[in-house]
Amino acid sequence: MRILPESFFARGAVEVAKDLLGKVIVHGDCSGRIVEVEAYLGMDDLAAHASRGITERTRVLFGPPGRAYVYLIYGMYECLNFVAEREGDPGCVLIRALEPLEGTGEMFQRRPAARRVEDLCSGPGKLTRAMGITRALNGANVTVAGAFTVRRQAKEPAIEIVTSARIGITQCADWPLRFYMAGSRFVSGKPKKGMQ
DNA sequence: AGTTCGATCGCCT
DNA sequence: GGCGATCGAACTG
């Protein structure tokens with residue numbers, strides 16, 4: 001698998017978000033295929049942290065692309081984003097769900113509440129816990145060889161992308177910036193019968 | 001210095 | 001389908 005270069009991330013957040021579907025996040029011995037993402041834009045997107053301007057927390061969003069933006073939500077969960085756009089231009093992609101590939105034993109140890117593989121990484125807070133991704137990785141460059149990277153498989157299966165509104169926000173709630181793989185059992189949400 | 005509330009999850013009904 | 005847990009960032013005075 002090849003590491004995605006910085007140029008992959010140096011594009012519009014929506015484009016990067018859609019193209020990240022099917023790519024593989026590797027952290028240590030664990031890896032997972034991205035099946036659900038959300039795009040967060042710049043100043044006009046009031047749901048995006050970057051819309052409030054540069055602060056200690058959001059600084060990495062205004063830096064070079066291909067960096068991890070990891071922050072704490074609700075006092076207990078971490079969320080993983082990858083910075084998009086060119087340096088100085090904010091925009092990022094929130095990773096919402098993964099299909100676990102390698103290291104599932106380690107993932108179950110970190111998330112004893114998960115009963116099935118489908119529950120391991122089916123949400124932004126779940127996947128960071130399962131993969132062992134914390135704020136210590138905030139600002140990390142994922143485009144260079146190391147323990148934390150995003151990769152492209154040699155043979156990428158064709159995927160169908162479904163678009164919807166983003167989840168759990170109040171501002172700009174109707175913007176169609178959530179993307180997920182059609183038919184995947186690993187996306188977040190309720191285990192209802194029928195599709196989402 | 002104090003307050004508000006959030007890009008969530010898991011347990012309960 | 002509702003709600004409690006739990007804490008840091010950002011904003012107010």
Side-chain angles (χ1 to χ4, degrees), chain A residues 9 12-18 20-21 25 32 34-63 65 67-85 90-100 107-140 142 150 162-181 185-194 196:
Chain A
F9 296 94
V14 171
E15 206 174 343
V16 175
K18 290 183 179 178
L20 276 174
L21 291 175
I25 295 177
I34 300 172
V35 298
E36 179 181 349
V37 295
E38 283 176 2
Y40 284 84
L41 313 180
M43 297 304 174
D44 298 335
D45 183 0
L46 297 181
H49 291 171
S51 67
R52 312 289 171 82
I54 302 182
T55 65
E56 185 62 26
R57 180 175 61 152
T58 62
R59 199 179 56 240
V60 53
L61 289 173
F62 293 83
R67 297 334 192 245
Y69 171 52
V70 187
Y71 66 91
L72 186 69
I73 186 76
Y74 299 123
M76 21 168 94
Y77 301 105
E78 333 239 2
C79 286
L80 169 66
N81 304 249
F82 294 121
V83 178
E85 311 280 351
C92 66
V93 178
L94 169 68
I95 308 302
R96 286 196 54 92
L98 300 176
E99 171 185 345
M107 294 187 198
F108 275 115
Q109 281 187 356
R110 294 198 189 102
R111 294 202 62 241
R115 297 280 165 179
R116 312 168 302 164
V117 195
E118 289 91 332
D119 303 327
L120 234 26
C121 298
S122 57
K126 297 179 187 178
L127 71 91
T128 50
R129 180 70 55 86
M131 293 279 289
I133 293 168
T134 69
R135 280 167 292 163
L137 291 169
N138 188 45
V142 297
V150 188
V162 183
T163 303
S164 81
R166 293 176 293 186
I167 294 188
I169 56 169
T170 51
Q171 309 268 348
C172 306
D174 55 341
W175 292 18
L177 294 179
R178 172 176 176 246
F179 309 101
Y180 61 94
M181 267 193 208
R185 296 149 37 224
F186 299 93
V187 302
S188 67
K190 325 218 164 8
K192 280 275 192 241
K193 38 183 167 182
Q196 339 195 6

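So that the names make sense, note that chain A is the first sequence line, chain B the second, and so on, each numbered from 1. In what follows, every heavy atom counts, from backbone to side chain, and hydrogens, waters and symmetry copies are set aside.
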| message | Does A/Arg57 reach a base, just sugar-phosphate, or nothing at all? Heavy atoms under 4.0 Å. | response | sugar-phosphate
| request: Find the distance A/Ile54:CD1 to C/dA9:P and express it as a whole number of Å. | output: 17 Å
| message | Using Watson-Crick or G-U wobble geometry with both distances under 3.5 Å, which nucleotide pairs with B/dA7? | response | none
| Heavy-atom count around A/Arg129 CZ within 6.0 Å, excluding the residue itself: above 12? | no
| note | Closest non-hydrogen atoms of A/Ala97 and A/Val187, given as atom of the first, atom of the second and distance, are CB-CA, 3.9 Å
| said: Do A/Val14 and A/Leu41 have side chains that approach each other closer than 4.5 Å (heavy atoms only, starting at C-beta)? | reply: yes
| task | Using whole Å, report how far CZ of A/Arg52 lies from C1' of C/dT12. | result | 14 Å
| C/dC3 versus B/dC5 - spacing of their C1' atoms, nearest Å | 16 Å
| field | Taking every non-hydrogen atom, the tightest pair across A/Arg67 and A/Val60 | value | CB-CG2, 4.0 Å
| Under 4.0 Å: is that the gap between some side-chain N or O of A/Thr55 and OP1 or OP2 of C/dA9? | no
| said: Using the salt bridge (charged side-chain N to carboxylate O under 4.0 Å, His left out) criterion, which residues pair with A/Glu85? Sequence neighbours excluded. | reply: none
| remark: Given protein heavy atoms under 4.0 Å, the one-letter contact record of nucleotides 3-9 of chain B, with B base, S sugar-phosphate only and - none, is simply ---BBBB
| Side chains of A/Arg178 and A/Ile167 in contact at under 4.5 Å (non-hydrogen atoms) | yes
